[in-house]
Participant: 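This is the structure I have questions about; it appears just below.
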Amino acid sequence: MFLLSLSLSLVIEKVILISVILGGSLGIAMYSTWAERKVAAVMQDRRGPNRAGPFGLFQPLADGLKLFMKEEIIPTLSSKFLFVLGPSLAMLMALMSSAVIPWGPDIVTSNGTISLQVADINIGVLFIFGVVSLGVYGIMLGAWASNNKFSLLSGLRAASQAISYELAMGISLIALVMMTGSLSMREIVDGQHGFWQDGYFSWNFFKQPLGFLIFIVCSFAELNRAPFDMAECESELIGGYHTEFSSMKLGFYLFAEYINMFVSSVILSSLFFGGYNYPGMDWVALHVPPILFSLIGVGVLLGKAIGFILFFMFIRWTLPRFRYDQLMNLGWKSLIPLALVNMLITGAVILWLNK
Amino acid sequence: MDIQQLVFWTISLIMIGCAIGVIMSRNPIKSVLFLIMTFFTISAHYVMMNAQFLAIVNIIVYAGAIMVLFLFVIMLMNLNADTEPQKNTLVQFAGVISGGVLLLVFIAALKSSFAGIENQNINLQQASDIGLIKNLGQMLFTKYVFPFEIACVLFLSAMVGAVVLGKKEKELGQTSEL
């Protein structure tokens with residue numbers, strides 16, 4: 001039973017790492033709400049939040065305080081336990097998938113190596129996939145427990161959307177895994193070392209452009225973000241699944257979406273854009289101390305993730321919402337066949353290259 | 001009792017408790033939630049046996065996909081107590097008999113599997129790697145490739161069947177609209 005034979009120093013190391021990751025995710029999610037409003041404002045020729053602090057930087061704090069101070073209302077005819085469980089599950093699932101992400105290269109010191117990954121399990125990609133497939137429970141339970149017809153409709157929409165797009169997402173990932181030959185996140189990221197290798201780009205984006213396209217469309221759908229935010233379509237469903245929620249429970253739902261966005265940005269950049277790898281990293285590794293090298297890797301990964309977050313925001317404020325049948329047609333009739341073709345082509349190319 | 005046994009018994013107790021919760025709950029939603037908990041504890045047992053791939057696939061397929069569909073269907077049902085049909089005595093009688101037969105089969109299967117274990121020495125170290133994805137894949141595509149392919153054909157036919165059924169329903173819907 002190797003799982004339970006952990007040493008104390010490892011436990012302390014992991015606890016510190018987990019706390020830093022949790023704090024970092026929450027902080028970035030907090031400022032994503034600010035950035036989203038600023039981006040929306042810029043794109044619509046407005047000013048955006050500019051009252052609380054310089055450039056409105058304290059706006060997220062003010063919003064958080066407001067959510068905490070508001071009255072907590074639990075509808076009389078709702079199932080109370082499930083009503084509270086819904087937002088908690090949404091938050092839990094949002095935070096869980098960051099466990100298998102390699103945040104940076106190992107820090108090699110004289111006392112040993114410190115891994116910047118909470119758990120390097122050999123099925124990392126499947127773990128992320130499992131957490132994503134569980135993410136819909138938070139919305140479904142909260143929606144059903146509200147005892148509100150609009151919430152229920154929204155929950156059903158979210159669930160069917162999540163199930164439909166998970167398939168294409170999984171198949172597009174299979175092509176990636178076939179190419180890398182491993183399900184471990186660490187090995188997938190290490191396989192994209194540097195930027196140029198063996199006469200071709202080493203990042204998976206250049207080897208799997210179609211897979212990346214399918215994956216990013218599916219992430220939009222799994223995140224319930226525009227243009228796939230049918231579940232909270234206010235013109236049809238009032239507020240969607242969080243109609244009946246108030247105070248911090250509403251805050252959890254809204255916040256979980258931003259954490260999900262951050263985590264999936266990190267996953268996107270790890271799987272397809274080289275994670276913590278960057279051009280000329282071998283030269284940097286020789287010229288700076290190992291701790292600084294690892295921190296530069298973390299910074300590069302975060303930079304890529306912030307790029308993706310901005311991309312998510314640009315899309316939200318540019319494209320209109322899909323209609324529901326269009327969404328289902330896109331998922332089942334376009335993305336899944338495309339993903340299957342992509343898998344087939346990948347398999348054929350791998351066979352051809354290996355002869 | 002070492003820590004491994006402690007974890008085993010804790011998980012087992014939670015699992016049995018949840019399994020009882022599935023059949024004892026009056027509310028179908030709670031039944032489904034208990035069932036999801038049961039799947040999680042089963043996955044925990046797989047992890048204890050170092051079969052990580054099986055554990056995560058169990059969660060993805062059962063907890064993540066099938067149970068979402070279960071919840072989906074149950075949420076659309078009318079759950080008022082007075083709409084629930086009264087089961088007659090014959091159905092209850094048949095239920096007791098089939099349940100009893102199932103229990104008998106389970107006990108027989110358990111007994112025959114225990115009979116071998118008592119005088120067998122199982123090498124835990126060797127057994128602990130079989131559940132890892134590399135070994136599992138190698139097994140599936142060499143030793144058990146024929147049953148694996150048969151299962152694939154079965155899934156394919158089920159998929160074709162689902163598409164055919166879906167098509168038919170759509171045509172019916174269109175005619176009824178007219």
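On a predicted model such as this, the values are computed, not experimentally measured, just so you know. Each chain gets a letter, A, B and so on, in the order its sequence line appears, and its residues count up from 1. Just the heavy atoms: all of them, side chains too, but no hydrogens, waters or symmetry mates, feed the values below.
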Participant: For atom NZ of A:Lys14, decide whether the heavy atoms of other residues, nucleotides or ligands shown that lie under 6.0 angstrom number more than 12.
Facilitator: yes
Participant: Counting neighbours of OH on A:Tyr324 that are heavy atoms of other residues, nucleotides or ligands and sit closer than 6.0 Å, is the number greater than 12?
Facilitator: yes
Participant: Any residues in residues 124-143 of chain A near chain B, with a heavy-atom distance under 4.5 Å, and which are they?
Facilitator: A:Leu126, A:Phe127, A:Phe129, A:Gly130, A:Ser133, A:Leu134, A:Val136, A:Tyr137, A:Met140, A:Leu141
Participant: If you measure from CG on B:Asn27 to CG on A:Leu82, what distance do you get to the nearest 0.5 Å?
Facilitator: 8.0 Å
Participant: Could you look at A:Ser182 and say if it's the side chain, the backbone, both or neither that has a heavy atom under 4.5 Å from chain B?
Facilitator: neither
Participant: Listed by residue number, which members of residues 31-39 of chain B have a heavy atom under 4.5 Å from any heavy atom of chain A?
Facilitator: B:Leu33, B:Ile36
Participant: Please check if atom CZ in B:Phe70 has more than 12 non-hydrogen atoms from other residues, nucleotides or ligands closer than 6.0 Å.
Facilitator: no
Participant: Should the heavy atoms of other residues, nucleotides or ligands under 6.0 Å from NZ of A:Lys80 be counted, would the total exceed 12?
Facilitator: yes
Participant: Could you tell me which residues satisfy salt bridge (Lys or Arg N to Asp or Glu O under 4.0 Å) with A:Glu244, sequence neighbours excluded, listed by chain and number?
Facilitator: none
Participant: Could you look at B:Phe8 and say if it's the side chain, the backbone, both or neither that has a heavy atom under 4.5 Å from chain A?
Facilitator: neither
Participant: Between B:Val68, B:Ile59, B:Leu69, which shows the greatest number of heavy-atom pairs under 4.5 Å with chain A?
Facilitator: B:Val68
Participant: Does OH in A:Tyr165 sit with more than 12 non-hydrogen atoms of other residues, nucleotides or ligands closer than 6.0 Å?
Facilitator: yes
Participant: With chain A, which of B:Val61, B:Leu71, B:Val57, B:Ile60 has the greatest number of heavy-atom pairs at distances under 4.5 Å?
Facilitator: B:Ile60
Participant: So if I take each residue of residues 167-179 of chain A and look for any heavy atom under 4.5 Å from a heavy atom in chain B, which residues do I end up with?
Facilitator: none
Participant: Is A:Leu156 in contact with chain B via its backbone, its side chain, both, or neither, using a 4.5 Å heavy-atom distance?
Facilitator: both
